[in-house]
Amino acid sequence: MFNIGNILKRAWQILWNYKVLWVFGFLMVLTGANGGGGGGGGGSSYRYNPQTANSAQNFPGMASGWMNSVRLWADQNFGSWFATEQATLHTVMWVIIAIAIFAVAVNLLFSLVRYPAETAVMRMVDEHDQNGSKVTFKQGWKLGWNIRAFRIWLIDTVLATPALLLAVLVMVGVLVTINNAGAGLIENFEPAMAFAWILLAIVLAIPLALLMIALGMLREFVVRYAAIDGLGFGQSFSKGWSLFKKDFKDIFITWLVLLGIGIGLGFAMILVVFLLVPAYAVMAIPGAIVSAIPGAIAYAITTIFNANVWPWIIGGLVALPIFLAFVFSPLTFVGGWIAIFTSNVWTLAFRQIKANMTPPPALPVMEDAPVVNQ
């Protein structure tokens, strides 16, 4: 019989007693979850003045001069991108495309860590619940770094298709509108056109949200057939769908309970964010040291090709994510606990529902003993 209370209790026990899972949870949350010409000499109109440099009272003037240098450099290098209304619209369009490509690339890179970690957690919890066995991080990573993780990535890609199609549809509409405006149609542009795209997105988003909720519940069982039972892509979907149809009530109850817990934890996390402020301050020191190394390397490489503002921009873009990852690592660690607990609940629910659906083995048929006439 399905007992969500026992599942929640057992999920917490495993989380607390199997501490190597915390590392995998941290990794899961961490990776979850994105020219105009110009004269030579660097284009600076500000010149160094010893009297100005030695006078603290003239510091605002120094800052203003530096800002003028940056502004002049930006005009020389990017002025043509915004020279006309059409050029500005095309620049915005290409920026949107570049951001989308960058987000896809980052997501693929993070997938190399997220999916092996998630696969390892499901398999480790399943084995621990069966026989109480525990493995090291290295052994656990081997359980996740295999074809099963790739299948889960493929499953997620397929299940995310409806949302991706809507996002692509809206993006195409926005880009077409921008392109038409850049082609000289902006004079005839009507706000109703933009409103129509927004309305279409809202109308499609409501049923899409319900669909994604259902697919999210289905996903928890499809991926566990792939990770725990080692089934192929098609078999995992077939088995997961069959289980989903047969015991939707218990699955929905599990989702509903986790939704309530998630809402409560969301409010609690607001308090946790502020309570961890001292931890952020402590982690800022090693974060600054560690992030400075790749940032300095990026700065040094960039100076080979450009000696203006670009080295600082590239170095900052490389160092900032690493610095933030260190500073907010305590919050990520807490998020990892929540991720592991949620995964444990679904894994235990999967085991129990699958056991309930499996018919008991047939008892051997006993032949009637021959009657002996007295």
Side-chain angles (χ1 to χ4, degrees), residues 1-33 113-145 148-149 152 216-217 219-221 223-224 227-228 250-251 253-280 282-283 325-326 328-355:
M1 181 178 178
F2 189 82
N3 191 321
I4 186 63
N6 289 341
I7 289 177
L8 294 174
K9 181 179 179 181
R10 179 61 176 156
W12 171 256
Q13 290 174 344
I14 294 176
L15 169 64
W16 189 251
N17 295 324
Y18 204 170
K19 292 181 174 56
V20 72
L21 292 172
W22 299 1
V23 182
F24 289 98
F26 179 85
L27 294 176
M28 288 167 58
V29 175
L30 188 64
T31 56
V113 176
R114 174 193 167 187
Y115 286 101
E118 186 178 5
T119 304
V121 167
M122 289 185 283
R123 298 186 67 185
M124 291 164 65
V125 172
D126 176 70
E127 293 181 0
H128 180 73
D129 191 55
Q130 286 189 60
N131 50 40
S133 62
K134 294 182 180 180
V135 298
T136 63
F137 174 81
K138 183 178 180 180
Q139 293 170 329
W141 185 257
K142 288 182 179 179
L143 291 175
W145 186 259
R148 303 186 189 203
I152 296 177
M217 289 186 283
R219 186 251 184 204
E220 300 298 341
F221 295 88
V223 298
R224 279 164 178 78
I228 296 174
D250 291 334
I251 295 173
I253 290 174
T254 304
W255 176 84
L256 205 59
V257 170
L258 286 176
L259 176 64
I261 294 175
I263 294 174
L265 289 175
F267 286 107
M269 286 296 289
I270 297 176
L271 178 61
V272 171
V273 168
F274 293 100
L275 291 177
L276 290 177
V277 169
Y280 305 152
V282 172
M283 295 303 300
F326 266 84
F328 295 104
S329 58
L331 189 62
T332 306
F333 191 78
V334 175
W337 279 354
I338 299 174
I340 293 297
F341 175 77
T342 303
S343 178
N344 290 354
V345 171
W346 282 116
T347 298
L348 296 174
F350 168 76
R351 286 175 49 81
Q352 188 165 328
I353 292 175
K354 188 173 68 168

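These numbers come from the heavy atoms of this one structure, side chains and all, not from hydrogens, waters or symmetry mates.
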Search all heavy atoms of [X] against all heavy atoms of [Y] and return the closest pair with its distance.
X	Y	result
H128	S133	ND1-O, 3.1 Å
V29	A339	CG2-CB, 4.0 Å
A120	F24	CB-CE2, 3.8 Å
A11	F341	CB-CE1, 3.9 Å
M122	A227	CE-CB, 3.6 Å

Inset, instruction - Could you name each residue pair satisfying salt bridge (Lys or Arg N to Asp or Glu O under 4.0 Å) that touches residues 120-132, not counting sequence neighbours? - result: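 Found R10-D129, D126-R351, D129-R351.
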Legend entry - Within residues 331-340 or reaching into it, pairs that qualify as salt bridge (Lys or Arg N to Asp or Glu O under 4.0 Å) - sequence neighbours excluded: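 Of all non-adjacent pairs touching residues 331-340, none passes salt bridge (Lys or Arg N to Asp or Glu O under 4.0 Å).
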Inset, instruction - Taking atom NZ of K134 as the centre, report whether more than 12 heavy atoms of other residues, nucleotides or ligands fall under 6.0 Å from it. - result: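 Above 12, so yes.
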In the structure I gave you, are the side-chain heavy atoms of [X] and [Y] within less than 4.5 Å of one another anywhere?
X	Y	value
I261	L8	yes
V135	Y18	yes
F2	I7	yes
V273	L331	yes
V121	E118	no
L27	R114	no

Inset, instruction - Identify whether NZ of Lys or CZ of Arg in K19 sits under 6.0 Å from the centre of the six-membered ring of W16 and within 45° of that ring's axis. - result: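 That pair qualifies as a cation-pi contact.
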Legend entry - Verdict with supporting geometry, R148 and Y115, side chain to side chain contact (heavy atoms under 4.5 Å, CB included): CA-CA 9 Å; R148 303 186 189 203; Y115 286 101; over 6 Å; no
What's the separation between atom [atom1] in [X] and atom [atom2] in [Y], rounded to the nearest 0.5 Å?
X	Y	atom1	atom2	value
I14	I340	CD1	CD1	11.0 Å
L258	I338	CG	CD1	11.5 Å
S343	E220	OG	CD	7.5 Å
L275	I270	CG	CD1	12.0 Å
T332	W337	OG1	CH2	13.0 Å
T254	I4	OG1	CD1	4.0 Å

Inset, instruction - Starting from the C-alpha separation in whole Å, work towards a yes-or-no answer on side chain to side chain contact (heavy atoms under 4.5 Å, CB included) for V20 and K138. - result: CA-CA 10 Å; V20 72; K138 183 178 180 180; over 6 Å; no
Inset, instruction - Answer yes or no: is there a donor N or O on one side and an acceptor on the other, between the side chain of Y280 and the main chain of F274, under 3.5 Å? - result: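 No, because the side chain of Y280 does not come within donor-acceptor range (under 3.5 Å) of the backbone of F274.
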Legend entry - Donor-acceptor contact present, side-chain W22 to main-chain L15, <3.5 Å: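 Yes, the answer is positive, given that a donor and an acceptor are paired below the 3.5 Å cut-off.
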Inset, instruction - Dump the intermediate steps for side chain to side chain contact (heavy atoms under 4.5 Å, CB included) on T119 and L143, then the final yes or no. - result: CA-CA 7 Å; T119 304; L143 291 175; over 6 Å; no
Inset, instruction - Test I228 against T347 for side chain to side chain contact (heavy atoms under 4.5 Å, CB included), laying out the working first. - result: CA-CA 9 Å; I228 296 174; T347 298; 3.9 Å; yes
Legend entry - Parallel, tilted or perpendicular, as decided by the 30° and 60° cut-offs, for the rings of F221 and W346: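 Answer is perpendicular, since the angle exceeds 60°.
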